[in-house]
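Okay, structure first, notes after.
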Amino acid sequence: MEIEENKKLYGLVQCTRDISNEDCKKCLDGIITEIPSCCDGKEGGRVVGGSCNFRYEIYPFVNIP
């Protein structure tokens, strides 16, 4: 996937509360490696693991107060 030069990319990673910080990092490291094959070159995508998930888009998708 390639993003145009002046485009922003928004991302979010999350882990469930029942795992340690170390296990969260391991989970995220595992699912992030799946991004190149998961989303068919689209400008956004999501990978969901058992205890963590990752999402990215070219538009803001989370409201931060």
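Summarising the geometry of E34 relative to V47, their closest heavy-atom pair is OE1-CG1, 3.7 Å, with the distance given to 0.1 Å. When all heavy atoms are compared, the tightest approach of F61 to Y10 is CE2-O, 3.7 Å. Minimum heavy-atom separation, E43 to I58: OE1-CD1, 3.0 Å. Here the closest heavy-atom approach between residue L28 and residue N53 is recorded as CD2-O, 3.8 Å.
The salt bridge (charged side-chain N to carboxylate O under 4.0 Å, His left out) analysis of residues 56-65, with sequence neighbours excluded, yields the pairs R55-E57.
In this structure, cysteines C27 and C15 have SG atoms that are not closer than 2.5 angstrom.
In this structure, the separation between OH on Y56 and CD1 on I35 is 6.0 Å, given to the nearest 0.5 Å.
Listed by chain and number, the residues in a side-chain contact (heavy atoms from CB on, under 4.5 Å) with T16 are D18, I19, S51 (sequence neighbours excluded).
In the hydrophobic cluster analysis, where Ile, Leu, Val, Met, Phe, Trp and Tyr join through side-chain heavy atoms closer than 4.5 angstrom, L12 is grouped together with F54.
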